[in-house]
Every structure is written in C-alpha cells, then in structure tokens.
Amino acid sequence: MFLIKIFNRALCLGTRSNGSFYSTTAAAATATSAKTSHNPLEEFFEVTRSQEEDKPNTYGRSWKASELRLKSWDDLQKLWYVLLKEKNMLMTQRQMLNAQNLRFPNPERIPKVRKSMCRIKHVLTERAIEEADPRRSAEMKRMINAL
C-alpha cells in the first residue's frame, strides 16, 4: 500500500513535468490500474478504520466443536485456511505494532482463532479415528498432522 502511494505520487509528478497529452493519459491509465490492482501483501494487514467511526468493532466468538462436526471435510479445510490467514494477519499486525511500541487493539482475537483451529483438528481427528478402513484412517491422520 505504501509503495503504491509512493509510485502514484512519483508518476503524477512525472506527468506534470512532461506536457505531452499522450504521456499524461498513459500515466493516468497506469496510475488508475495501479490503484485497482490487488497487492497480495495487503492481506496481512487489517483495513484501518476511519476516525469518524466512534463505535468499536465487535468480533465473533470461536467455533464450537458441535458446529464443526456438522460441516463437511472440504468446508473444514476451507475454514482452516481462512483461520490460518486470519491468524497470520493478526500476528503480523501485532508484531508491527510491537515494533512501533504501540498496543495491539484486540489481543483476545488471537486465542479465539487458535481455539477454532484446534477444534477443527480435533473434529478431523475424530473422523479419522472413526474411519473403518485403516489405510484411509492413517492417510487422514497424516493429512491432519500436516495442517
């Protein structure tokens, strides 16, 4: 995000100094596409809220094992990676704020994500144990341990 802003500023300054119409429109098109392009590193940072929002964000609870038992294997794998992404984002944000000697805003979110991830592993392990075929059960356990 920071690099995109610097790139856009440098690009805009370059177009002001050069008076030709073609280079101005090409630079404007490049700046517009740079704004709409998605930087994958932005996923590691939470979107900052504007100052006019007075009410604090409320975050949900962790998943219960009984809720997770109702989900399919594929849904649990998708949820695992969503939680992993959330955990990485929170840990990155916490590390960044600690480096700046700032307080992490909602430290209770990290244990909620960790509990949910542990419960997913527990539910998947239960399913692997209940599997009748020992080879398939062993394969499922290897997959679970790799998570």
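Here the structure is a predicted model, which means the values were calculated and not measured.
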Gap between atom [atom2] of [Y] and atom [atom1] of [X] - 0.5 Å precision:
X      : Y      : atom1 : atom2 : value
Leu124 : Leu147 : CG    : CG    : 7.0 Å
Lys112 : Asn106 : NZ    : CG    : 8.0 Å
Leu76  : Leu68  : CG    : CG    : 6.0 Å
Met117 : Leu79  : CE    : CG    : 9.5 Å

message: Quick check on Lys121: does its NZ atom have over 12 non-hydrogen neighbours (other residues, nucleotides or ligands) under 6.0 Å away?
response: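 Check passes, neighbour count above 12.
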message: Please say yes or no: joined through hydrophobic side-chain contacts below 4.5 Å, possibly via intermediate residues, are Val113 and Leu84 part of one cluster?
response: yes
- request: State, to 0.1 Å, how close Arg119 and Ala65 come at their nearest heavy-atom pair, and which atoms those are.
  value: CD-N, 4.1 Å
message: Taking Arg114's backbone N and O only, do any of them form a donor-acceptor pair with Lys87's side chain (distance below 3.5 Å, no angle check)?
response: no
- prompt: Tell me, which pairs form a salt bridge (Lys or Arg N to Asp or Glu O under 4.0 Å) where one or both residues lie in residues 122-133, sequence neighbours left out?
  reply: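 Qualifying pairs, neighbours excluded: Arg69-Glu126.
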message: Run Lys85 and Met89 through side-chain contact (heavy atoms from CB on, under 4.5 Å) and show every step you take.
response: CA-CA 6 Å; Lys85 194 174 177 180; Met89 187 267 305; 6.0 Å; no
State which residues pass side-chain contact (heavy atoms from CB on, under 4.5 Å) with [X]; sequence neighbours excluded, sorted by chain then number.
X      : answer
Arg94  : Met91, Asn98, Phe104, Ile110
Thr125 : Ile129, Ile144
Gln100 : Met96, Leu97, Leu102
Glu67  : Arg61, Trp63, Lys64

- prompt: Applying side-chain hydrogen bond (donor to acceptor under 3.5 Å, both in side chains), which residue pairs with at least one partner in residues 72-83 are found, sequence neighbours left out?
  reply: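 Checked against side-chain hydrogen bond (donor to acceptor under 3.5 Å, both in side chains) - neighbours excluded - the pairs reaching residues 72-83 are Ser72-Asp75.
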field: Summary of side-chain hydrogen bond (donor to acceptor under 3.5 Å, both in side chains) pairs that have at least one residue in residues 136-147, sequence neighbours excluded
entry: none
